[in-house]
Amino acid sequence: MASTNSWTIEIESPVAAHRLFRAGVMDWHTLAPKLAPQIVDSAHPVEGEGSIGSVRQFNFTSAMPFSFMKEKLDFVDAEKCECKSTLIEGGGIGTAIETATSHIKVETMASGGSVVKVESTYKLLPDVEVKDEITKAKDSVTKIFKGAEAFLMANPDAYN
C-alpha cells in the first residue's frame, strides 16, 4: 500500500521576505535558467499568469533524475508570501510517486531578513522507497533560495 510522507526545511536569509518570495517562488521560472543553468535548462508558464490555477513547467539538464516537471499553483497569497503547489506531470509522477505537494511560506525575521519554510508532502507508489532523494530535494530547495538570495543581494533594486 502506498504511504504518505513529508519533509520540511527552513532556510534563513538576510533578504527581505517579499523580495525573496517574488524572486525565489513567483518568478523562479524566469530566474532559474539564468541562476541555475547546470540544473534548469529552461522554464516557462504553461497557462495562467502566476495566480491560482496557473501551471508552469521546468525542463532539467541531465543533472536531475527526470527531464521535466509541471506544477500547478493551488494557493497564492503574495501579501503573506505564501504559496501551495501540486506536481501534476513529470518529476517522478507515475514512476515513483502518486502525488506531491509543496507549501512555501517566507516569513520576516526581526533582523529584517527572512526565513523560508518549505513543507513537501508526497505519496509514493506501492513498493517504491526513497533513500537519498529527500536529501537531494532539500539540497535543491536550498540551492534555489540561496541562488535567488545571491541574485537579490547583487541586484538591490530587483524585486522591490
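For clarity, every value in this text was computed on a predicted model and none was experimentally measured.
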Would you check if there is a donor-acceptor pair between the side chains of [Y] and [X] at a distance under 3.5 Å?
X	Y	answer
Glu119	Thr8	no
Asp74	Thr86	yes
His29	Gln57	no
Thr30	Asp27	yes
Ser42	Asn59	yes

[X] versus [Y], closest heavy-atom pair with distance:
X	Y	result
Val15	Ser114	O-OG, 2.7 Å
Asn160	Arg22	O-NH1, 2.9 Å
Ala148	Gly24	CB-CA, 3.9 Å
Gly48	Pro45	O-CB, 4.1 Å
Cys83	Leu73	SG-CD2, 4.2 Å

Run the side chain to side chain contact (heavy atoms under 4.5 Å, CB included) check on Trp7 and Val118 step by step: do they pass? CA-CA 8 Å; Trp7 56 264; Val118 179; 4.3 Å; yes

Drop me the distance from [X]'s [atom1] to [Y]'s [atom2], to the nearest 0.5 angstrom.
X	Y	atom1	atom2	value
Met69	Glu89	CE	CD	12.0 Å
Tyr122	Ser6	OH	OG	7.5 Å
Leu35	Ile144	CG	CD1	10.5 Å
Ser62	Ile39	OG	CD1	11.0 Å
Phe75	Glu82	CZ	CD	4.5 Å
Lys84	Ile52	NZ	CD1	10.5 Å

Is there a path of hydrophobic side-chain contacts, each under 4.5 Å between heavy atoms of I, L, V, M, F, W or Y residues, that connects [X] with [Y]?
X	Y	answer
Phe68	Leu87	no
Ile104	Ile88	no
Met153	Val25	yes
Ile97	Val55	no

Do other residues, nucleotides or ligands put more than 12 heavy atoms under 6.0 Å from the [atom1] atom of [X]?
X	atom1	value
Lys105	NZ	yes
Gln38	CD	yes
Glu107	CD	yes
Lys143	NZ	no

Would you say the side chain of [Y] lies within less than 4.5 Å of the side chain of [X], judging by non-hydrogen atoms?
X	Y	result
Ser54	Glu47	no
Lys72	Ser85	no
Phe21	Val116	no
Arg56	His44	no
Phe58	Glu71	yes
Leu20	Ser13	yes
Ile11	Val115	no

Donor-acceptor pair, side chain of Asn155 and main chain of Ala158, under 3.5 angstrom: no

Does the ring centre of Phe60 sit less than 6.0 Å away from the ring centre of Phe66?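 Centroid separation for Phe66 and Phe60: below 6.0 Å.
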
Salt bridge check, Glu149 against Lys146: does any charged N sit closer than 4.0 Å to a carboxylate O?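 Yes, this pair counts.
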
